[in-house]
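Atom set for the values below is all heavy atoms of this structure, side chains included, hydrogens, waters and symmetry mates excluded.
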Amino acid sequence: MTADPQPFKETPYWWEAAPRPELAETPLAETTDVAIVGAGFAGLSAALVLARAGRTVHVLEKDRVGEGASSRNGGIASGNIKMGFAKMIDQFGEARARAIFGEGVEARDDLARFIEDEGIDCGFSMTGRFTGAFRRHHYDRLAREAEFLNKHLDIGAEMVSRADQHREIGTDLYHGGVIRPDIGGLHPGLLHQGILERALEAGAVVHGGTEVTGLRPEADGVEVATNRGTLRARDVLVCTNGYTGKVTPWLRRRVVPIPSQIIATEPLGAETMARLMPKGRMLGETRNTYHYYRPSPDGTRIVFGGRAGAGTDDPKVKFRHLKKGLVEVFPELRDVGITHSWWGLTGYTFDFLPKAVTHDGIHYATGFNGSGVVWARWFAIKAAHKILGNRSNAQSAFDGFEFQTRPLYTGHPWFLPAVIAWYGWKDRLGF
Ligand SMILES: Cc1cc2nc3c(=O)[nH]c(=O)nc-3n(C[C@H](O)[C@H](O)[C@H](O)COP(=O)(O)OP(=O)(O)OC[C@H]3O[C@@H](n4cnc5c(N)ncnc54)[C@H](O)[C@@H]3O)c2cc1C
């Protein structure tokens with residue numbers, strides 16, 4: 001591997017087009033109908049629904065607004081859950097599995113409709129996603145899954161042989177792969193900015209630099225302590241996902257923060273982009289320490305992400321892992337310049353299912369398992385409808401699953417380096 005030739009920005013590439021907003025500092029109100037903790041996709045989506053329904057809403061964000069995962073992610077819009085459909089049927093039965101899958105389709109369609117109706121210019125496109133088989137036997141597994149999905153859900157998944165692979169991606173690393181036409185991509189920074197603007201227009205008050213330090217449920221509401229004072233809210237919705245901290249210990253025992261890292265290349269030229277990513281699709285692969293990647297929405301550069309290096313906080317080590325991954329897929333990019341390298345935290349649940357739940361008088365929308373572009377908005381809206389008392393809109397196929405924790409887990413994922421090392425070994429041994 002070559003040394004990296006130039007320094008890179010440690011902020012997301014997405015912030016070039018969508019810089020962190022500078023919101024005027026407004027005093028904290030004494031009371032509000034709803035206080036929302038966290039100003040990512042989830043918090044702001046709930047705020048929009050609640051404000052349009054006439055509620056007073058205060059969104060409290062400890063950092064700059066959108067500093068969390070919502071403006072840092074890969075922008076891949078799937079609405080999938082981290083469990084194959086066949087396994088879902090085994091675990092939950094066919095009717096429930098179909099309902100869960102169907103809700104993913106509904107959530108993704110709803111996001112597309114929202115972007116269209118609100119005129120949010122975030123480059124959303126149903127590009128489809130190609131997933132490369134890292135081992136020969138992975139191709140057979142993908143083919144079985146595609147057949148199953150097509151038979152049960154008619155999604156039009158299509159296998160691509162190794163011989164035809166260059167139609168999809170300019171690499172020989174994979175043993176062919178599968179196209180899922182039902183997955184798209186967008187610019188997450190611009191989507192976040194669009195939701196923020198709509199929420200502000202609807203009357204929500206969004207406070208950056210406001211850390212919630214205490215939540216005390218009372219008979220008719222919740223006392224919310226912050227670093228800028230205290231307010232009383234009739235309802236509180238916590239949308240902190242991978243950034244969940246000590247202020248919500250119950251949630252902290254149930255969400256596992258897992259880092260994910262992305263690099264963006266310098267502009268590569270139209271000819272190179274057309275050769276490496278001829279269809280402009282979202283891209284992924286089957287290895288356990290997998291990479292996800294894509295062209296930037298303007299098609300000029302590659303945005304390449306993964307979990308390699310998740311065991312360290314050192315941005316340079318993380319960078320080296322990812323650059324190595326990029327060169328493995330596209331050897332011709334060995335000497336390409338990297339302009340941005342950044343990371344953020346995803347929030348996983350122990351059953352890999354996202355949640356909109358209420359516990360001890362506090363509402364939570366969380367646990368998007370690395371797929372929050374579609375799910376964060378969706379589950380936050382479910383939680384908002386619950387607060388509004390709209391029972392039918394609040395219902396979900398995910399209702400009723402226990403929000404699990406594990407003995408000895410208090411919010412610090414001490415087991416992560418071992419799990420990642422194990423996944424790396426599995427990849428090297430060919431599983
Ligand atoms: C590198 C990366 C790549 C990803 N790629 C994809 C992808 O391609 N597709 C996909 O679907 N998903 C992806 N994800 C996941 C997706 O970004 C998240 O699921 C989603 O953004 C979660 O949104 P959220 O609003 O729940 O949380 P966030 O956007 O993380 O916001 C939570 C906020 O809560 C704030 N907060 C925490 N504690 C407090 C407190 N006490 N007081 C006030 N504020 C607080 C934090 O500062 C943070 O801003 C990726 C994530 C990362 C990090």
Side-chain angles (χ1 to χ4, degrees), residues 74-117 124-134 137-165 167-169 174-186 277-286 290 292 294 351-354 368-379 381-382 392-393 395-401:
I76 300 173
S78 72
N80 284 344
I81 65 162
K82 293 261 172 313
M83 188 188 296
F85 186 61
K87 189 162 178 209
M88 255 198 269
I89 291 184
D90 278 354
Q91 283 208 6
F92 311 136
E94 186 169 340
R96 189 84 184 263
R98 275 181 184 282
I100 287 175
F101 191 91
E103 194 162 314
V105 175
E106 197 185 341
R108 196 182 49 239
D109 289 351
D110 191 69
L111 173 65
R113 204 165 34 244
F114 168 76
I115 290 169
E116 169 85 26
D117 291 351
F124 178 71
S125 170
M126 283 304 288
T127 53
R129 185 185 67 194
F130 174 80
T131 300
F134 192 62
H137 64 273
H138 293 179
Y139 182 86
D140 300 333
R141 193 181 76 206
L142 287 176
R144 281 195 302 276
E145 278 170 15
E147 193 185 341
F148 195 78
L149 281 173
N150 288 344
K151 181 172 145 209
H152 287 272
L153 302 163
D154 196 22
I155 65 162
E158 189 192 326
M159 295 306 293
V160 179
S161 70
R162 189 173 201 172
D164 290 335
Q165 183 164 280
R167 275 191 347 224
E168 293 295 327
I169 179 169
Y174 305 125
H175 298 262
V178 64
I179 301 167
R180 286 273 306 262
D182 58 330
I183 291 172
L186 50 75
M277 299 186 168
K279 301 272 180 66
R281 294 196 200 280
M282 304 295 111
L283 296 152
E285 54 181 28
T286 55
Y290 65 89
Y292 51 90
R294 56 171 294 175
D351 61 5
F352 299 108
L353 299 176
F368 307 119
N369 295 283
S371 297
V373 169
V374 168
W375 286 129
R377 174 177 172 274
W378 181 255
F379 279 97
I381 291 175
K382 293 277 171 207
S392 60
N393 286 337
Q395 267 170 5
S396 163
F398 294 78
D399 287 345
F401 290 111

### Query
Taking NZ, NE, NH1 and NH2 as the nitrogens, is one of them in Asp90 or Lys87 under 4.0 Å from a carboxylate oxygen of the other?
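Judged by the 4.0 Å cut-off on N to carboxylate O distance, Asp90 and Lys87 do not form a salt bridge.
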#### Entry: SB check Asp110 Arg377 (cutoff 4.0 Å)
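Yes, Asp110 and Arg377 are salt-bridged.
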So, do [X] and [Y] sit near enough that their side-chain heavy atoms are less than 4.5 Å apart?
{"X": "Val178", "Y": "Phe130", "answer": "no"}
{"X": "Arg98", "Y": "Leu153", "answer": "yes"}
{"X": "Ser396", "Y": "Phe379", "answer": "yes"}
{"X": "Val374", "Y": "Asn80", "answer": "no"}
{"X": "Val373", "Y": "Ile76", "answer": "no"}

#### Entry: Qualifying residue for side-chain contact (heavy atoms from CB on, under 4.5 Å) with Met282, from Arg129, Met126, Arg180
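Among Arg129, Met126, Arg180, the one that satisfies the side-chain contact (heavy atoms from CB on, under 4.5 Å) with Met282 is Arg129.
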Heavy-atom closest contact ([X] atom, [Y] atom, distance):
{"X": "Gln91", "Y": "Met83", "result": "OE1-CE, 3.9 Å"}
{"X": "Gly74", "Y": "Tyr292", "result": "CA-CE1, 4.3 Å"}
{"X": "Asp182", "Y": "Arg108", "result": "O-CZ, 2.8 Å"}
{"X": "Thr127", "Y": "Arg281", "result": "O-NH1, 2.9 Å"}
{"X": "Phe368", "Y": "Pro354", "result": "CD2-CB, 3.9 Å"}
{"X": "Ser371", "Y": "Lys82", "result": "OG-NZ, 3.3 Å"}

### Query
Do Glu168 and Ile179 pass the side chain to side chain contact (heavy atoms under 4.5 Å, CB included) test, and can you show the C-alpha distance, the side-chain angles, and the key distance before you say yes or no?
CA-CA 9 Å; Glu168 293 295 327; Ile179 301 167; 3.2 Å; yes
### Task
Begin from the C-alpha positions of Leu111 and Leu186 and carry the test side chain to side chain contact (heavy atoms under 4.5 Å, CB included) through to its verdict.
CA-CA 11 Å; Leu111 173 65; Leu186 50 75; 4.1 Å; yes
What's the spacing between [X] [atom1] and [Y] [atom2] if we round to 0.5 Å?
{"X": "Ile169", "Y": "Lys279", "atom1": "CD1", "atom2": "NZ", "result": "12.0 Å"}
{"X": "Asn369", "Y": "Leu353", "atom1": "CG", "atom2": "CG", "result": "7.5 Å"}
{"X": "Asp399", "Y": "Glu103", "atom1": "CG", "atom2": "CD", "result": "8.0 Å"}
{"X": "Asp164", "Y": "Glu158", "atom1": "CG", "atom2": "CD", "result": "9.5 Å"}

### Task
Walk me through it: do Phe398 and Trp375 pass the test ring pair (Phe, Tyr, Trp, His ring centres under 6.0 Å)?
CA-CA 12 Å; Phe398 294 78; Trp375 286 129; 5.2 Å; yes
#### Entry: Steps toward side chain to side chain contact (heavy atoms under 4.5 Å, CB included) verdict (Ile100, Ile81)
CA-CA 9 Å; Ile100 287 175; Ile81 65 162; 4.0 Å; yes
### Task
Sort out for me which residue in His138, Glu285, Arg162 forms a side chain to side chain donor-acceptor pair (under 3.5 Å) with Tyr174.
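Of His138, Glu285, Arg162, side chain to side chain donor-acceptor pair (under 3.5 Å) with Tyr174 is met by Glu285 alone.
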### Query
For the residue pair Phe401 and Phe92, does the interplanar ring angle fall in the parallel (under 30°), tilted (30 to 60°) or perpendicular (over 60°) class?
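Ring orientation, 0 to 90° scale: tilted.
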### Task
Take the angle between the ring planes of Phe85 and Phe101 and call it parallel below 30°, perpendicular above 60°, tilted in between.
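It falls in the perpendicular class, over 60°.
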### Task
Using side-chain contact (heavy atoms from CB on, under 4.5 Å) as the criterion, list what pairs up with Glu147, not counting sequence neighbours.
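Testing Glu147 for side-chain contact (heavy atoms from CB on, under 4.5 Å), a comparison that skips the adjacent residues, returns none.
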### Message
Is there a side chain to side chain contact (heavy atoms under 4.5 Å, CB included) between Thr286 and Leu142? Walk through the geometry before answering.
### Response
CA-CA 9 Å; Thr286 55; Leu142 287 176; 3.8 Å; yes
